[in-house]
Structure formats: structure tokens, C-alpha cells
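Remember, it's a predicted structure, so these values are computed and weren't measured experimentally. Order of appearance sets the numbers: ligands from 1, and atoms from 1 within every ligand. Nothing fancy with the numbering, it's 1 onward along the sequence.
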Amino acid sequence: MSEAVNRDAVSTECLIVGAGPVGLFAVFELGLLGIKCQIVDSLAHPGGQCTELYPDKPIYDIPALPVCGAQELIDRLLQQIKPFCAGFHLGQEVAELARRADGRFNVLTSTGTRFDAGSVIIAAGLGSFQPRRLMVPEAERFEGKQIHYRVRNAADFRGRDLLIAGGGDSALDWTLDLCGKARSITLVHRRAEFRAQPASVARMKELVAAGRMRLLEGTVNALNIEGDRLAGARIMGSDKALTEVACEQLLAFFGLHPKLGPIANWGLALEKKAISVDTEKFQTSEPGIFAIGDINTYPGKKKLILSGFHEAALASFGVQHYIYPDKRQFLQYTTTSPVMRQRLGVAPPD
Ligand SMILES: Cc1cc2nc3c(=O)[nH]c(=O)nc-3n(C[C@H](O)[C@H](O)[C@H](O)COP(=O)(O)OP(=O)(O)OC[C@H]3O[C@@H](n4cnc5c(N)ncnc54)[C@H](O)[C@@H]3O)c2cc1C
């Protein structure tokens, strides 16, 4: 990526990569110091692992909250950072990061958004979540054309013969949404039990009983290719019986898995797929780039939300010092600091 100044880029004092719990709390800590930020996540929603992997599970080790649902924690963090009006850029992965001669950073996302950032906080957790792919020969050839792992535009599937693979909420939600709009739908899932919401499963079974769609138990075993087109797939049942299904479009929803992805190419010192940082300000081997939460490593590191919150606080002071080296730093309490209360939009102290 070019190291020149890009006039069309979104200018920000700090760019946060990752909107998991730790990235969200960094918005708060930066906000208290009067630093504005933008935040990017490859997922379509904030929340990281809490939202993606265990939204309904209770967490018991958040200070002062004896029990808190994982999604509830994210909702509370979003509420807490509201006063700071961070810019959210969701559904895009931070792909490139380059230092400029003036010490600022050019950042580019997978959808083409450019940032001109004074500093960067990487709060990328386990890495960006990627869809699990269909593991059959030649699947890659059709990805984005006739094989899809997410629906970008539902209208693309109108009037088509669809094969949908998977048993979670995404598979069931799209099956129900597209039934009646597609010419035909076959849902294939490897077992009889579904992970999706019971109400969605019940509705799907009603549609099958009414002859409006087909359900197969099995896995996609091979693709049927005619010329340069995907014409269908071969499904292998648990009894090893093979069924041929004709389809024009195949949608596979096998869930997401985290991958370090482009971060590995940013020239940062890494240790076992984690970013090495100091423990004074959680700065990486590159001045001005900080790493907090599950993505970093240092002696004694524990991958806990609590640790990430502490790291966010100290990294924010590190950011402040990097972008305003002459500014005197001092600790203020939200209880008593008029300027912090003003930033929070609450009444001044009595
Ligand atoms: C089942 C389960 C239960 C858990 N229970 C607890 C518990 O009780 N207590 C506790 O303290 N911890 C618990 N944890 C761990 C806790 O969830 C993590 O420590 C926490 O989520 C880390 O937060 P984070 O913000 O660092 O990263 P994450 O939550 O992983 O968020 C990182 C975000 O960065 C995004 N991202 C990554 N790379 C990029 C990129 N290049 N561009 C754009 N976006 C990117 C990802 O999409 C993701 O949304 C649990 C974890 C699991 C899986």
C-alpha cells in the first residue's frame, strides 16, 4: 500500500481493529482521554467471541457484575461508549497497514475503506472470523459465483434451484427466507438434530411436509460440474447412500472460525501467532501500534476479558503519548474530573 497521504481517507486519532469486548472498552478509555476513534470489525456486528461464540452463556468474572450474559456484556459496553460517538465500520477486514514517514498510518480494509490514523490499537482477539469452507474438490473454483458462504444480496437467489448446507441459524434462516422465492430448495444437514432455533426447525419441517422444499440428511460429497458450470452436488447419507441433487447455487453455512489473517503480514513481532507487547503500554514492536486482548502476548498473559480491559486503559495512555508527546499526562477520576464528566455527557460533580 502507498505510504503517501490519502486525502479521501477517514482521518482519526486512533483506529481500533476489532470490536470485541476489549476493542469496545478501548473506545471508552480513549474517550475519557478526549481521543476520538474509528473501529473496524470483519463481522457484521460488534461483540467478538462473546456475540459470535457464546451469546447466551453467563459470565461470572466481570468485576461488580456477579453474573452477566455474554451478549448482555456487549450491550452494556455499547451503552457505555455511546457518548464517544466512535465510527463503526462492520463487515470489513483490516487488510493492510503501513506506517508513513510522518508517523501516521495508512490503513485499508477489504471493502476499500481507507483510514489515515494517528495510531492503531489491534484488539483482534483470535483473529478475524472466516467462514468454514466446503471441503470438496473444485469448490474454490465456484466460490463467489455459484458457491457462497454468506448472502450479500438475497435477490440473486430468486427463481434459482438452491442447495443449502448446514444446520445452524444461518442455514435455517436463509432456507425459510428463500423458500417460495427460489425455484427449488434442498436443505442438507449431516444429522437429524439441528443447532438452529427450534421454532425455525419446526417451520422448515412444515414446509418439507407441505412439499415446498426438500430435506436430506447427509454431507456434500462431490460437485457435479458441466463444462465450466456447477450443475449439482452428490450427497452421501449416513448409510453411505448417494443422492444427486441438481442446483444452480450452493449456499454453505458451516459456521465461522478465527484466523490471524492479514495481521501476520504487518511486520509486527509475533510469538506463537500472538503479537508481542510491552506491559507498560501494550505497544507492539512498532511504535504507535498497540495490541490488547486475546491477540497479544507477554510474560504471564491470561486471555481474560478482565485482563483485556486493563490493557485497554494503559494502551490508551500509550496512544495519547504517541500522538501528543508534549501533553502532560495525569490520572483523573471519573468521579471528580469535570472534564471527564463533560466528555461522558453527565452533570459536573457537586
Ligand atoms: C465459550 C467461551 C467462554 C468464555 N468465557 C469467558 C469468561 O467467563 N470470562 C472471561 O474473562 N473470558 C471468557 N472467554 C474468553 C473471552 O471471550 C475473550 O478473552 C474475549 O472475547 C477477548 O476479547 P477481544 O476483544 O480481545 O477479542 P475477540 O472477542 O476475539 O474479538 C476480536 C474481534 O476482532 C475482529 N478481527 C480480527 N481480525 C480482524 C481484522 N483483520 N479486521 C477486522 N476485524 C478483525 C474479529 O472479527 C472479532 O470480532 C470465553 C471464551 C469462550 C470461547
Q: Would one find an N or O of I305, backbone or side chain, under 3.5 Å from an N or O of ligand 1?
A: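 N/O-N/O distance below 3.5 Å exists for this pair.
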
Q: Salt bridge check, D177 against K181: does any charged N sit closer than 4.0 Å to a carboxylate O?
A: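 Between D177 and K181 there is a salt bridge, with a charged N closer than 4.0 Å to a carboxylate O.
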
Q: Would I292 count as being in polar contact with ligand 1, using the rule that some N or O on each side must be under 3.5 angstrom apart?
A: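 No.
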
Q: Near E93, which atoms of ligand 1 are under 4.0 Å from a heavy atom of that residue?
A: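 The atoms of ligand 1 under 4.0 Å from a heavy atom of E93 are 40 (C), 41 (N), 42 (N), 43 (C).
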
Q: For F194, what are the other residues in its hydrophobic cluster, where any two members join if their side-chain heavy atoms are less than 4.5 angstrom apart?
A: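 When side chains under 4.5 Å apart are linked, the cluster holding F194 also contains V151, F157, L162, I164, L172, W174, L176, L178, I185, L187, V201, M204, L207, V208, M213, L215, L251, F253.
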
Q: So for ligand 1, is Y60 a polar contact partner (N or O within less than 3.5 Å, distance only)?
A: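 No; every N/O pair is 3.5 Å or more apart.
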
Q: Side chain, backbone, both or neither: which part of Q92 has a heavy atom under 4.0 Å from ligand 1?
A: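 Backbone only.
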
Q: What residue and heavy atom of the protein are closest to atom 35 (C) of ligand 1, and at what distance?
A: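 Among all protein heavy atoms, the one nearest atom 35 (C) of ligand 1 is D41 OD2, 3.3 Å.
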
Q: Look at atom 27 (O) of ligand 1 and find which of G261, A291, G125 reaches it with the closest heavy atom.
A: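 It is G125 that holds the nearest heavy atom.
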
Q: Inspect the contact between R141 and E138 and indicate whether a charged nitrogen and a carboxylate oxygen are less than 4.0 angstrom apart.
A: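 Counted as a salt bridge, because a side-chain N and a carboxylate O are separated by less than 4.0 Å.
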
Q: May I ask you to identify the nearest protein heavy atom to atom 34 (O) of ligand 1, giving residue, atom name and distance to one decimal place in Å?
A: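 For atom 34 (O) of ligand 1, the nearest protein heavy atom comes out as G18 CA, 3.2 Å.
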
Q: Identify, by atom number and element, the atoms of ligand 1 in contact range of G48, meaning under 4.0 Å from any of its heavy atoms.
A: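 By the 4.0 Å cutoff, the relevant atoms are 29 (O), 31 (O), 48 (C), 49 (O).
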
Q: Kindly say whether E193 contributes a backbone atom to a donor-acceptor pair with the side chain of H189 at under 3.5 angstrom?
A: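 Yes; at least one donor-acceptor contact below 3.5 Å.
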
Q: In ligand 1, which numbered atoms sit nearer than 4.0 Å to a non-hydrogen atom of I59?
A: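 Close to I59: 7 (C), 8 (O), 9 (N).
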
Q: Got an N/O contact under 3.5 Å between Q49 and ligand 1?
A: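 So ligand 1 has an N or O lying under 3.5 Å from an N or O of Q49.
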
Q: Among F28, F282, F25, which residue meets the ring pair (Phe, Tyr, Trp, His ring centres under 6.0 Å) test with F309?
A: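 The passing option is F25.
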
Q: Just verifying a value: how many Å separate E93 CD and L108 CG, rounded to the nearest 0.5 Å?
A: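 The CG atom of L108 is 11.0 Å from CD of E93, to the nearest 0.5 Å.
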
Q: Tell me every residue that passes ring-ring contact (aromatic ring centres under 6.0 Å, His included) with H257, counting only those two or more places apart in sequence or in another chain.
A: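 Per chain and number, H257 pairs via ring-ring contact (aromatic ring centres under 6.0 Å, His included) with no residue.
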
Q: Ignoring hydrogens and angles, tell me if any N or O in the side chain of S307 forms a donor-acceptor pair with the backbone of K302 under 3.5 Å.
A: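 Indeed, once roles are kept as given, a pair shorter than 3.5 Å links the two residues.
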
Q: Less than 3.5 Å apart, any donor N or O on the side chain of D294 or Q49 sitting next to an acceptor on the other?
A: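 Looking only at side-chain atoms, Q49 and D294 do form a donor-acceptor pair, the distance falling under 3.5 Å.
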
Q: Measure A123 to ligand 1 on non-hydrogen atoms and call it side chain, backbone, both or neither using the 4.0 Å cut-off.
A: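 For A123, only backbone atoms sit under 4.0 Å from ligand 1.
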
Q: Provide, to 0.1 Å, the distance between atom 14 (N) of ligand 1 and the closest protein heavy atom, together with that atom's residue and name.
A: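 Heavy-atom neighbour on the protein nearest atom 14 (N) of ligand 1: Y54 OH, 3.2 Å.
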
Q: Using a 4.0 Å heavy-atom cut-off, which part of K303 comes near ligand 1: side chain, backbone, both, or neither?
A: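 Looking at K303 and ligand 1, just backbone atoms fall under 4.0 Å.
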
Q: Is there a heavy atom in G308 that sits closer than 4.0 Å to ligand 1?
A: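 For ligand 1, residue contact (heavy atoms, under 4.0 Å) with G308 is absent.
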
Q: Check whether the side chains of Y324 and E13 place a donor and an acceptor atom closer than 3.5 Å, and report yes or no.
A: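 Checked: Y324/E13 side chains pair up, N/O donor to acceptor below 3.5 Å.
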
Q: Is it true that the side chains of T111 and Q92 contain a donor and an acceptor less than 3.5 Å apart?
A: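 Side-chain D/A pair, T111 to Q92: present.
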
Q: Does any N or O of ligand 1 fall below 3.5 Å from an N or O anywhere on S42, backbone included?
A: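 N/O-N/O distance under 3.5 Å: yes.
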
Q: What residue and heavy atom of the protein are closest to atom 26 (O) of ligand 1, and at what distance?
A: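 Here the closest protein heavy atom is D294 N, 3.0 Å.
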
Q: For the 3.5 Å polar cut-off, considering only N or O atoms, please tell me whether K57 and ligand 1 meet it.
A: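 No; the residue has no nitrogen or oxygen that sits under 3.5 Å from a nitrogen or oxygen of the ligand.
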
Q: Does R114 use its side chain to pair, donor to acceptor, with the backbone of V10 at less than 3.5 Å?
A: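 Side chain of R114 to backbone of V10, a donor-acceptor pair under 3.5 Å: no, none is there.
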
Q: Give the atom numbers and elements of ligand 1 that come within less than 4.0 Å of a heavy atom of G293.
A: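 Once the distances to G293 are compared, the set is 26 (O).
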
Q: Which is closest to atom 7 (C) of ligand 1 in terms of heavy atoms, V17, D61, V107?
A: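 Considering heavy atoms of V17, D61, V107, the nearest to atom 7 (C) of ligand 1 sits in D61.
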
Q: Starting from F88, can I reach L30 by hopping between I/L/V/M/F/W/Y residues whose side chains sit under 4.5 Å apart?
A: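 Yes, L30 connects to F88 through the hydrophobic network.
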
Q: Any nitrogen or oxygen of L53, side chain or backbone, less than 3.5 Å from one on ligand 1?
A: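 By distance alone, the answer is no.
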
Q: Among all the protein's non-hydrogen atoms, which is closest to atom 42 (N) of ligand 1, and how far away is it?
A: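 So the nearest neighbour among protein heavy atoms is V94 N, 2.8 Å.
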
Q: Using a strict 4.0 Å threshold on nitrogen-to-oxygen distance, state whether D102 and R100 make a salt bridge.
A: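 Result for this pair is yes, salt bridge flagged.
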
Q: Quick one: nearest non-hydrogen protein atom to atom 39 (C) of ligand 1, plus distance?
A: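 In this structure, atom 39 (C) of ligand 1 has S128 CB, 3.5 Å as its nearest protein heavy atom.
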
Q: Which residue and atom name correspond to the protein heavy atom nearest atom 25 (O) of ligand 1, and how close is it?
A: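 Ranking protein heavy atoms by distance from atom 25 (O) of ligand 1, first comes V22 N, 3.1 Å.
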
Q: Go through the side-chain N and O atoms of T12 and Q38 and say whether any donor and acceptor fall under 3.5 Å apart.
A: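 No, because no side-chain N or O of T12 sits under 3.5 Å from a partner of the opposite role on Q38.
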
Q: Can you list the atoms of ligand 1 that are under 4.0 Å from a heavy atom of L126?
A: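 Here the atoms of ligand 1 in question are 30 (O).
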
